[in-house]
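Single-structure report; data block below.
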2 protein chains.
Amino acid sequence: MRTTEQYGRKADLALTMWVKLVRASTTFGRLTGKDIEQHGLTQPQFGVLEMLGHLGPLTIGDIGKRMLVTGGCVTVILDNLEKESLVERMRSSEDRRVIKVQLTDKGELTFKTIFGKHAQMVAELASVLSEEEQLQLSTLLRKLGLALKDKQ
Amino acid sequence: MRTTEQYGRKADLALTMWVKLVRASTTFGRLTGKDIEQHGLTQPQFGVLEMLGHLGPLTIGDIGKRMLVTGGCVTVILDNLEKESLVERMRSSEDRRVIKVQLTDKGELTFKTIFGKHAQMVAELASVLSEEEQLQLSTLLRKLGLALKDKQ
DNA sequence: CATAAATAGTTTAAATATGAAATATCTAAC
DNA sequence: GTTAGATATTTCATATTTAAACTATTTATG
């Protein structure tokens, strides 16, 4: 993406980094997504299943915060998961505004079936980088991500 | 995202890297997107403007390949940009299947007005990393991105 | 207690996004 | 030169996403 020296060295450095970040993220997501779709799930749907499988029941708000999407979006994703009987909503008795979402038995089974294979695929895709490089990348991305979070 | 040692060290390393990649990319995009939206453009719309501004007229197919989206999607984005008179389609005379897209004068002006500020903002957001760290990150992301491209 | 403000979710409209089918055009093979 | 296949774009149906408006509930304040 030719932006060489048009906006100053610092801006060019940042812009090329940014382009590579988006590309790597998009391409990675596309590849793992194809795998997930073969199980009849979309990526966001799988994201919710994974979250509930690892962390247990969560509220709509929690899910949105973790996935970095709005509540309206979570509502739609859950509607579609509920149609497939993979999750269920439960109104909280302490605070009746709150809804807790949890996996059904079918959801639990689906999660366990898919996730192991998914983890393998992610590992394989990442394996173009050595373990040390993956650690370096994680560290840099973590630093970037944390700093950006404060600016939201 | 607690996945410690549940699926083997390699998978965990890759999974945490993957999560950080998506988060950094999403958060970065959200922040620059807010800036762009203040000019009445969406991110994809600005992406097209930027591409045409830097590279000159492109075909629909070129745009889709560079943005990593399907042709159908490009059609819609261009429709919306055309409504605002920011771009125009021109049927190629050599190959009448092909459409070349170019900025209008208004589009050129909009691009120039927004992009300088955008580049500054990207540089500022990236500045939480030193220049050396940004270079390191670019290098690692490039390696990852290139390797993944082949697997599509 | 009554009302105002805050919070949790849902709904709605508009912009993306995909994949598949349809249209128009070009290229190749006979 | 005609037909078959390939290519470029659009159209369509469906899904995701956002922001903003709305509903229901809880908390705070007087």
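Only heavy atoms go into these numbers, but all of them, side chains included; no hydrogens, no water, no symmetry mates. By convention in this document, chain letters (A, B, ...) are assigned in the order of the sequence lines, proteins followed by strands, and residues within each chain are numbered from 1.
In terms of modelled atom types and a separation under 3.5 Å, the side chain of A/T27 and the main chain of A/A24 share no donor-acceptor contact. Without hydrogens or angle criteria, B/T104 side chain to B/S85 main chain gives a donor-acceptor distance under 3.5 Å. A/T32 places a side-chain N or O within donor-acceptor distance of the main-chain N or O of A/G29, the cut-off being under 3.5 Å. Put simply, the side chain of A/S138 never gets that close to the backbone of A/L135: no donor and acceptor are under 3.5 Å apart.
At most 12 non-hydrogen atoms from other residues, nucleotides or ligands lie less than 6.0 angstrom from CZ of A/R96. For A/K65, the NZ atom sits in a loose shell: 12 or fewer heavy atoms of surrounding residues, nucleotides or ligands are nearer than 6.0 Å.
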Inset, instruction - Would you please test B/E133 and B/L137 for side chain to side chain contact (heavy atoms under 4.5 Å, CB included) and show each step? - result: CA-CA 6 Å; B/E133 285 173 326; B/L137 188 50; over 6 Å; no

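At a threshold of 4.0 Å, the pair B/K100-B/D95 does not count as salt-bridged, since none of the basic side-chain nitrogens sits closer than that to a carboxylate oxygen.
What separates CG of B/L58 from P of D/dA8 is a distance of 14 Å, to the nearest Å. Atom-to-atom, CG of B/D79 to C1' of D/dC12 comes out at 14 Å; the value is rounded to the nearest Å. Between the CD1 atom of B/I36 and the C1' atom of C/dA15 there is a distance of 15 Å, given to the nearest Å. If you measure from atom CD1 of A/I99 to atom P of D/dT25, you get 11 Å, rounded to the nearest angstrom.
Residues from residues 81-97 of chain B with heavy atoms under 4.0 angstrom of DNA chain D, sorted by number: B/R89, B/R97.
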Identify the pairs formed between an N or O of the protein and an N or O of nucleotides 16-19 of chain C at a distance under 3.5 Å, and give each distance.
| from | atom 1 | to | atom 2 | distance (Å) |
| --- | --- | --- | --- | --- |
| C/dT16 | OP1 | B/T42 | OG1 | 2.4 |
| C/dT16 | OP2 | B/Q45 | NE2 | 2.6 |
| C/dT16 | OP2 | B/N80 | ND2 | 3.2 |
| C/dT18 | OP2 | B/T70 | N | 2.7 |
| C/dT18 | OP2 | B/T70 | OG1 | 3.2 |

